[in-house]
Amino acid sequence: MKKNLIQLLLLLSVGFAHAQTDDPLIGIVKEELQREMDYLSKEEYPPYYLAYTVDDYVFYQLYTSKGSVISENRDKGRIMSCQLKVGSFELDNTRDVSGYGSYYSGGNSVTIPMENDAMAIKQFMWSLTDKAYKKARDQYKTVLNSDLGEKKQIGDFSKGEKNQYVAPFISDPTVFDQESWKDFLQKITASIREVEDLIAGDAYLNVANERKYLITNEGSEIVQNFPRFEIYISASVLAEDKTEVPLYLSYYGVEEKDLPSKEKITADVEALKENLEKLKRAPKADPYTGPAIFSADVSGVFFHEIFGHRMEGHRLKYESDGQTFKDKLGEDVLPKYLSVISDPTMEKFQDIRLTGFYRYDDEGVRARKVALVTDGKLSNFLMSRTPMEHFSNSNGHGRSQSGLTPVSRQSNLIIRSTQNNSMEDLKKRLIKLCKKQKKPYGYLFKSVTGGFTNTDRYSTNSFNITPTEVYRIYTDGRQELIRGVDVIGTPLAMFSEISATGSEYKTFFGYCGAESGSIPVTATAPAILVNKIETQKKPSFEINLPLLPTPQER
């Protein structure tokens, strides 16, 4: 009897696990996809590829400012996208006959019902597919009537994989102790209000989950969950020269437990307030060339912007792209002690959950670890299912925001070094470089808010990094906080100037924007010492001061 009871419990537990993955939306989409393929296959220009993605999302957002709640929202919905290709893998409607990557300007999407009402969902799919097909057909006719020349030799789409993975439903992440966080963020922004000459003191809480579906005519059925729990804190003050000086804090996690404690966040905010007070009176930087240290926090952004975007393979097909590294396979592009990988399969780095993790990309290809640089030599590119010369298949990096066309994008970028220098050692080496170059000081870039890069060959192939906390390190060892500086330059020149790396690794979390929209990424790197960088003055605008005194100034 006891044995039978145990067997019954096991059967029940297995049945429950199966029920958790029994998702009716999959069957609805598969059924309508097959109907539409059957019908469109009779057209003069039939589709050879048809895929639907559904982003079933739920989110909670809170915005507090100067001690008060400004807005609080909770919402949910579903967005369906359709990717339809006419022609063949070798030549289809996505062929970029302009040379400017114009096909990737957008996708086909629609909001669909949240309930699994089969007929209602199929009606939306039918309308969406009809528009997508007509658009693809007309694009294909344009391609056929164009002068393809030698470009016809490289195919337009690689054959896919038949993958099936359905993640279980997860608990709604927006169900948590909202009142506790609301009270905490009100107190945080109220404390920022104490800063003299404050312009803004805001905090944002974003809690969400995206349950992403991908169903294709190739037989792939993939469902993944992407929960997140994020906090952003921003504050700015009026500097002595009447310009605005901002600072930022950000915290990313997959779940609430991934965030630091409220005590740690409070301590970070106190440090931010102290730095705001210092920045008000800090001198503005002059344009500079010379040695610099990028802290581990800044180094990840540096590599993401300057290196990572130039590894995204789809751009190397554009005649308009600078194609910085296209012909450098097997050549030294970084110092021999540096290696770079992009690894979407990595869930954690040193117990930190990585938001660039996924099992399958947005084209149904299994995620793969890709070694981009090994011991300084360039060995690979990030590939979607858009082939390029010498790289005909995807390596699982086709990604997109909901409603847009996937292209090759970064995931978890990891920069590893065989060097292990402490920060003090890096500073000593910086001072030696300053003396050798007859510079009175070098720079330490301690924190950064982001950056951007330009890969277009018709304008300067450059980058811009926007630091927020920057120090001059003088040859006598003194440190001085400064403001108003941006790092600029060109990638090949900058990479050739890297001379040493640190021993401590930090992970930068962010959302990367490109042709296929905004996607979560991380970049993990050690601090780096650079022989020579170039900076320029940050654009600044004088604040038009109010005539009235602030309410605190009674």
Side-chain angles (χ1 to χ4, degrees), residues 29 33 47 49-57 59 77-86 92-96 98 100-112 124-125 127-136 138-139 156-158 160 208-217 220 222-224 226 228 304 308-309 311-318 320-321 342 344 355-356 358 360-365 367 382-387 394 396-411 452-453 455-456 510-521:
V29 175
L33 183 153
Y49 178 78
L50 179 59
Y52 294 95
T53 61
V54 178
D55 185 358
D56 190 330
Y57 65 87
F59 69 79
R78 281 176 171 173
I79 299 173
M80 172 177 277
S81 306
C82 174
Q83 301 294 331
L84 187 150
K85 298 179 185 293
V86 170
D92 67 23
N93 58 291
T94 69
R95 175 59 59 92
D96 177 25
S98 71
Y100 287 86
S102 56
Y103 170 74
Y104 296 106
S105 59
N108 307 287
S109 61
V110 67
T111 301
I112 65 169
F124 280 96
M125 287 182 66
S127 177
L128 175 67
T129 310
D130 184 67
K131 293 176 184 176
Y133 173 73
K134 291 173 180 175
K135 179 180 176 182
D138 294 344
Q139 287 173 329
D156 288 327
F157 202 51
S158 61
N209 180 53
E210 293 179 82
R211 184 167 170 84
K212 296 183 74 170
Y213 297 73
L214 175 65
I215 299 169
T216 76
N217 68 312
S220 285
I222 299 168
V223 186
Q224 302 176 88
F226 296 97
R228 57 185 180 270
H304 172 89
H309 281 298
M311 293 293 101
E312 294 165 342
H314 71 282
R315 289 200 187 88
L316 303 184
K317 294 185 75 169
Y318 301 170
S320 61
D321 192 82
S342 183
T355 55
Y358 54 87
Y360 297 89
D361 74 2
D362 294 321
E363 293 180 313
V365 179
L382 301 178
M383 296 299 298
S384 64
R385 290 178 65 178
T386 299
S394 171
H397 281 78
R399 304 185 67 193
S400 70
Q401 178 182 323
S402 296
L404 297 179
T405 305
V407 298
S408 48
R409 301 288 297 275
Q410 298 171 67
S411 54
F452 62 88
T453 190
T455 65
D456 192 331
Y511 285 85
C512 174
E515 300 95 324
S516 61
S518 179
I519 58 170
V521 296

Legend entry - Test log, rule side chain to side chain contact (heavy atoms under 4.5 Å, CB included), inputs T405 and Q83: CA-CA 7 Å; T405 305; Q83 301 294 331; 3.7 Å; yes

Legend entry - salt_bridge(D362, K212) N-O dist < 4.0 Å: yes

Legend entry - E363 bridged to R399 by N-O distance under 4.0 Å: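 Salt bridge: no.
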
Can any side-chain N or O of [X] pair as donor or acceptor with the backbone N or O of [Y] at less than 3.5 Å?
X: R409; Y: C512; answer: yes
X: D55; Y: I79; answer: no
X: S109; Y: M80; answer: no
X: T386; Y: H314; answer: no
X: S394; Y: M383; answer: yes
X: N108; Y: S81; answer: no
X: R95; Y: Q139; answer: no

Of all the heavy-atom pairs spanning [X] and [Y], show the shortest one and how long it is.
X: I519; Y: Q401; answer: CG2-N, 3.9 Å
X: S408; Y: G313; answer: OG-N, 3.1 Å
X: S400; Y: L404; answer: OG-O, 3.2 Å

Would you say that [X] contacts [Y] through its side chain, given a criterion of any heavy-atom pair below 4.5 Å between the two side chains?
X: S411; Y: S342; value: yes
X: N93; Y: K85; value: yes
X: E210; Y: R228; value: yes

Inset, instruction - For side chain to side chain contact (heavy atoms under 4.5 Å, CB included), just list the numbers for Q410 and L382, CA-CA rounded to whole Å, side-chain angles, deciding distance to a tenth of an Å, and then say yes or no. - result: CA-CA 7 Å; Q410 298 171 67; L382 301 178; 3.8 Å; yes

Inset, instruction - Apply salt bridge (charged side-chain N to carboxylate O under 4.0 Å, His left out) to the pair D56 and R78, showing each step before the final yes or no. - result: CA-CA 4 Å; D56 190 330; R78 281 176 171 173; 2.9 Å; yes

Legend entry - Donor on one side chain, acceptor on other, H397 and S384, under 3.5 Å: no

Legend entry - C82 SG to Y133 OH distance, which is reported to the nearest 0.5 Å: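 Going from SG on C82 over to OH on Y133, the span is 12.5 Å.
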
Legend entry - Aromatic centroids of F157 and Y49 separated by under 6.0 Å: yes

Inset, instruction - Please list, chain by chain and in numerical order, all residues satisfying salt bridge (Lys or Arg N to Asp or Glu O under 4.0 Å) with D130, sequence neighbours excluded. - result: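 Counting only residues at least two positions away or on another chain, D130 forms a salt bridge (Lys or Arg N to Asp or Glu O under 4.0 Å) with K134.
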
Inset, instruction - Report the residue from T216, T129, L214 that forms a side-chain contact (heavy atoms from CB on, under 4.5 Å) with Y52. - result: T129

Inset, instruction - Using the test side chain to side chain donor-acceptor pair (under 3.5 Å), find all partners of D92 that sit at least two apart in sequence or belong to another chain. - result: Y48, T94

